[in-house]
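Report on the structure given below.
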Amino acid sequence: MSQHFINNQWVAGASGESIPVIDPSTGDTFAAIARGNAHDIDQAVVAARQAYQGAWGAFTAAERGRVLMKLAYTLQDHAEELAQLESRDCGKPLKQARADAAAIVRYFEFYAGAADKLLGHTIPYQNGYTVLTLREPHGVTGHIVPWNYPLQIFGRSVGGALAAGNACVVKPAEDACLSLLRVAELAAEAGLPPGALNIVTGYGHEAGDVLVKHPGIDHISFTGSPTIGQLVVRNASVNYTPVTLELGGKSPQIVFADADFDAMVPVVVNAIVQNAGQTCSAGSRLLVQRSAYEEVLSRLSQAFGQLRCGPAQMDLDCGPLIRHSQLERVQHFLQQVQQDGLPIAGQGQVVPQAPTGGFYQAPTLVRDVPVQHRLAQEEVFGPVLAALPFDDEADAVRIANATEYGLVASIWTRDGARQMRLARQVRSGQVFINNYGAGGGIELPFGGVKASGWGREKGFEALYGFTVLKTISIQHG
Ligand code: NAD
């Protein structure tokens, strides 16, 4: 598989070099991907431009919808194969990988249906004029995908871009490419013309860097860390290339004393354990009203105690982290917790069958975390939940907004007026009341404020981001 997919063909990388693919469950190398460079990116951008100006650009909106729907059905037929690939490559428990495969099908289905419903407006203007707006594709869009949800993030980003009529060049994360290479091959089988979708694998600072700076790229959709997001914005600005940024989060779950605890506990646990906490929208901060703090902590401590972590194929509550350096990063946070004397209120276990070379971290609940502590401020990207008390609504809002992030929040209360007051005061792109989406919901616009990024993906809103608005004014007397 160590080749790129350009112009509907497997293409050897110009460097001839490859990057090993490691199974996070065992630490073993089981495949290799091509180490893309400037030549490979250039080839992909040229292919995309030709498609945009040629066969793909000539598709009507309805024809685009039809081929994307065919791709959705093709992905559906291969969902189990994609789930198995994703599970091995990312260390995802199978149920999670299957959910991701189902999600990419749904993304293509949704955007296939939306392709011919992307309408402009007419604007009331002076007498003798008709003014209208057109939504036109950017042209060639670049997509930089992280390793935590390759299928899902590809689906929401590339699905929308293709539906809007763009031709795409995708640079997946070096840790997780296999499923996306297979998706590109299936897209060709489904009838996407050559060059409409191209994938170049490689390192971020090599292939990714070149893609962002390439003058033939008309828009960049970046999903990843805030640090690299800022770098991408700086680099893209050289060519005035617009960027959509989907970055991290430190999303609060705010639990009031009147909440339905039975409903809340499994959702709060899942929101941090899902994908081993490597979810941008993980519910990684738990804010509990002081009068209910001990009861909620006691319930959660029990729930954490039952969690089991192990190899992807065992399909437990939690799989391994993506790579060794990620495990070290999470362990570093926990060392700090220990040094600072913060109490561990609950912890799952790594099962004895877990291979010693895998990257396992037992799910951990830390309580009484000060608002300004690293664990309550920084993204751990592991299965570690920071719990802290609050006194009243004002205190809850103050703490919820006291990080640099603003991606998702949830509010658990039976008080309807309070639900709406808080939903409006919490600064985040999504607010869930008595539920938590953890990034789910293909139809729901998703994205952040502050360090969580800008622009929206998912839903119909994403299509606007993958188009440029043109205003046409006709003077007809
Ligand atoms: P990362 O920023 O290191 O890498 C993301 C992608 O950027 C990868 O494909 C990588 O190869 C590429 N990249 C790295 N350096 C680059 C450069 N100089 N130029 C261009 N591309 C470059 O992040 P990661 O470790 O892959 O993912 C984890 C981070 O992503 C977390 O912070 C997480 O919160 C965030 N994330 C956000 C969302 C979201 O939708 N908001 C989704 C998933 C992950």
Side-chain angles (χ1 to χ4, degrees), residues 19 33 35-38 41 90 100 103 142-157 160 169-177 180 199-214 217 220-238 241 243-251 274-284 321-330 378-382 403-408 428-430 437-441 444-458 462 465:
I19 301 172
I33 51 162
R35 181 174 174 175
N37 65 13
I41 290 286
C90 304
D100 293 355
H143 303 258
I144 297 184
V145 179
W147 44 260
N148 56 348
Y149 289 89
L151 284 173
Q152 288 216 35
I153 292 169
F154 176 97
R156 76 180 192 208
S157 171
V169 178
V170 181
K171 209 297 286 172
E174 47 273 36
D175 294 295
C177 294
L180 300 190
I199 302 210
V200 175
T201 59
Y203 290 117
H205 64 279
E206 294 178 351
D209 183 69
V210 174
L211 179 64
V212 170
K213 294 174 179 165
H214 200 294
I217 290 291
I220 288 282
S221 162
F222 175 82
T223 305
S225 60
T227 310
I228 301 296
Q230 286 186 330
L231 181 63
V232 163
V233 169
R234 281 199 294 277
N235 288 339
S237 72
V238 172
T241 310
V243 179
T244 301
L245 284 180
E246 298 285 0
L247 308 176
K250 193 72 194 176
S251 299
Q274 176 177 315
N275 211 38
Q278 303 166 118
T279 304
C280 50
S281 54
S284 54
L321 298 169
I322 187 76
R323 57 176 179 243
H324 189 252
S325 62
Q326 189 65 20
L327 176 61
E328 283 181 332
R329 177 183 153 83
V330 175
E378 297 176 29
E379 191 173 41
V380 177
F381 233 48
T403 75
E404 62 173 340
Y405 294 107
L407 192 57
V408 180
S428 68
Q430 288 188 329
L444 315 182
F446 176 73
V449 297
K450 304 192 283 182
S452 293
W454 65 56
R456 292 293 177 265
E457 291 196 338
K458 299 189 174 187

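Order of listing sets the numbers, starting from 1, for every ligand and every atom in it. What you see below is based on every heavy atom in this structure, not just the backbone, and it leaves out hydrogens, waters and symmetry mates.
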Provide the number and element of each atom of ligand 1 under 4.0 Å from a heavy atom of [X].
{"X": "Pro146", "answer": "26 (O), 27 (O), 43 (C), 44 (C)"}
{"X": "Ile153", "answer": "42 (C), 43 (C)"}
{"X": "Glu174", "answer": "10 (C), 11 (O)"}
{"X": "Glu246", "answer": "37 (C), 38 (C), 39 (C), 40 (O), 41 (N)"}
{"X": "Asp209", "answer": "19 (N), 20 (C)"}
{"X": "Thr223", "answer": "5 (C), 37 (C), 38 (C), 39 (C), 40 (O), 42 (C), 43 (C)"}
{"X": "Phe446", "answer": "40 (O)"}
{"X": "Lys171", "answer": "9 (O), 10 (C), 11 (O)"}

Shortest protein heavy-atom distance from [atom], along with the residue and atom involved:
{"atom": "atom 41 (N) of ligand 1", "answer": "Leu247 O, 2.3 Å"}
{"atom": "atom 20 (C) of ligand 1", "answer": "Gly208 C, 3.3 Å"}
{"atom": "atom 32 (O) of ligand 1", "answer": "Glu379 OE1, 2.7 Å"}
{"atom": "atom 18 (N) of ligand 1", "answer": "Leu231 CD2, 3.4 Å"}
{"atom": "atom 43 (C) of ligand 1", "answer": "Asn148 ND2, 3.0 Å"}
{"atom": "atom 4 (O) of ligand 1", "answer": "Gly224 CA, 4.6 Å"}
{"atom": "atom 9 (O) of ligand 1", "answer": "Val145 O, 2.8 Å"}
{"atom": "atom 6 (C) of ligand 1", "answer": "Ile144 CG2, 3.5 Å"}

Which bit of Tyr149 gets closer than 4.0 Å to ligand 1, counting heavy atoms only: side chain, backbone, both or neither?
->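 No part of Tyr149 comes within reach of ligand 1.
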Does ligand 1 have a heavy atom under 4.0 Å from the side chain of Arg156, from its backbone, from both, or from neither?
->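 The side chain, only.
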Candidate with minimal heavy-atom separation from [atom], of [options]:
{"atom": "atom 2 (O) of ligand 1", "options": "Gly248, Gly453, Ser225, Gly447", "value": "Ser225"}
{"atom": "atom 16 (C) of ligand 1", "options": "Ala236, Ala176, Gly204", "value": "Gly204"}
{"atom": "atom 36 (N) of ligand 1", "options": "Ser452, Gly448, Cys280", "value": "Cys280"}

Side chains of [Y] and [X]: any donor to acceptor distance under 3.5 Å?
{"X": "Ser251", "Y": "Ser281", "value": "no"}
{"X": "Glu457", "Y": "Ser221", "value": "yes"}
{"X": "Asp100", "Y": "Gln152", "value": "yes"}

pair [X]-[Y]: side-chain heavy atoms closer than 4.5 Å:
{"X": "Phe381", "Y": "Val330", "value": "no"}
{"X": "Ile217", "Y": "Val212", "value": "no"}
{"X": "Thr223", "Y": "Pro146", "value": "yes"}
{"X": "Phe222", "Y": "Lys171", "value": "no"}

Measure the spacing between [atom1] of [X] and [atom2] of [Y] and express it to the nearest 0.5 Å.
{"X": "Cys90", "Y": "Leu321", "atom1": "SG", "atom2": "CG", "answer": "12.0 Å"}
{"X": "His205", "Y": "Leu231", "atom1": "NE2", "atom2": "CG", "answer": "12.0 Å"}
{"X": "Thr241", "Y": "Leu211", "atom1": "OG1", "atom2": "CG", "answer": "9.5 Å"}

Do any non-hydrogen protein atoms sit less than 4.0 Å from atom 30 (O) of ligand 1?
-> yes
Glu378/Lys250 salt bridge by N-O under 4.0 Å criterion |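 No, Lys250 and Glu378 are not salt-bridged.
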With sequence neighbours left out, which residue pairs that include part of residues 445-456 fulfil the side chain to side chain donor-acceptor pair (under 3.5 Å) condition?
->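 Not a single pair qualifies under side chain to side chain donor-acceptor pair (under 3.5 Å).
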Residue pair Phe446 / Glu246: nearest heavy atoms and the distance that separates them | O-OE2, 3.1 Å
Is the shortest N/O to N/O distance between Pro226 and ligand 1 below 3.5 Å?
->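 Not met; the criterion fails.
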For ligand 1, is there an N or O atom under 3.5 Å from any N or O atom of Trp147?
->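 Yes, there is a polar N/O contact under 3.5 Å.
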Please answer whether the main-chain N or O of Asn148 pairs with a side-chain N or O of Asn275 as donor and acceptor at a distance below 3.5 Å.
-> yes
